[in-house]
Amino acid sequence: MNNFIFENPTKVYFGRGCIKEYLSCILSHYGKTVMLVYGGGSIKRNGIYNEVETALKQAGKTVVEFSGI
């Protein structure tokens with residue numbers, strides 16, 4: 001294997017209102033397609049999925065879903 005360096009900086013936002021407050025501000029820094037990765041589906045039952053999906057679509061992003069993680 002060739003030598004390489006891998007860097008994966010991560011920033012996590014927690015709390016009420018973070019989706020509306022922060023998501024729209026950072027979306028312009030990324031591409032046109034966003035993959036939503038989640039587990040068994042509680043994210044859909046509690047409404048977070050719809051809130052995130054709405055914000056992404058309003059920003060003109062294409063949403064790809066990967067569930068069951």
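For clarity, every value in this text was computed on a predicted model and none was experimentally measured.
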Asks: Please determine whether residues Phe66 and Leu36 belong to a single hydrophobic cluster, defined as Ile, Leu, Val, Met, Phe, Trp and Tyr linked transitively by side-chain heavy-atom distances below 4.5 Å.
Replies: no
Asks: Mind checking whether Ile26 and Phe14 sit in one hydrophobic cluster, side chains of I, L, V, M, F, W, Y counted as touching below 4.5 Å?
Replies: no
Asks: Using the test side chain to side chain donor-acceptor pair (under 3.5 Å), find all partners of Glu51 that sit at least two apart in sequence or belong to another chain.
Replies: none
Asks: Give the intermediate values and the outcome of side chain to side chain contact (heavy atoms under 4.5 Å, CB included) for residues Val64 and Thr33.
Replies: CA-CA 7 Å; Val64 176; Thr33 303; 3.5 Å; yes
Asks: Just jot down the side-chain contact (heavy atoms from CB on, under 4.5 Å) partners of Glu65, sequence neighbours excluded, or say none.
Replies: Tyr38, Lys44, Tyr49, Ser67
Asks: Does the Lys61 side chain pair with the main chain of Leu27, one donor and one acceptor, at a distance under 3.5 Å?
Replies: yes
Asks: Go through the steps to decide whether Leu23 and Val52 satisfy the test side chain to side chain contact (heavy atoms under 4.5 Å, CB included), and finish with yes or no.
Replies: CA-CA 8 Å; Leu23 187 59; Val52 170; 4.3 Å; yes
Asks: For the residue pair Asn2 and Phe4, what are the closest heavy atoms and their distance?
Replies: O-CD2, 3.4 Å
Asks: Check Ser24 against Lys20 and note the closest heavy-atom contact, atom names and distance.
Replies: OG-O, 3.7 Å
Asks: Say whether Ile69 and Met35 are linked into one hydrophobic cluster, either directly or through other cluster members, by side-chain heavy-atom distances under 4.5 angstrom.
Replies: yes
Asks: Go through the steps to decide whether Ile48 and Ile19 satisfy the test side chain to side chain contact (heavy atoms under 4.5 Å, CB included), and finish with yes or no.
Replies: CA-CA 9 Å; Ile48 297 298; Ile19 293 169; 4.0 Å; yes
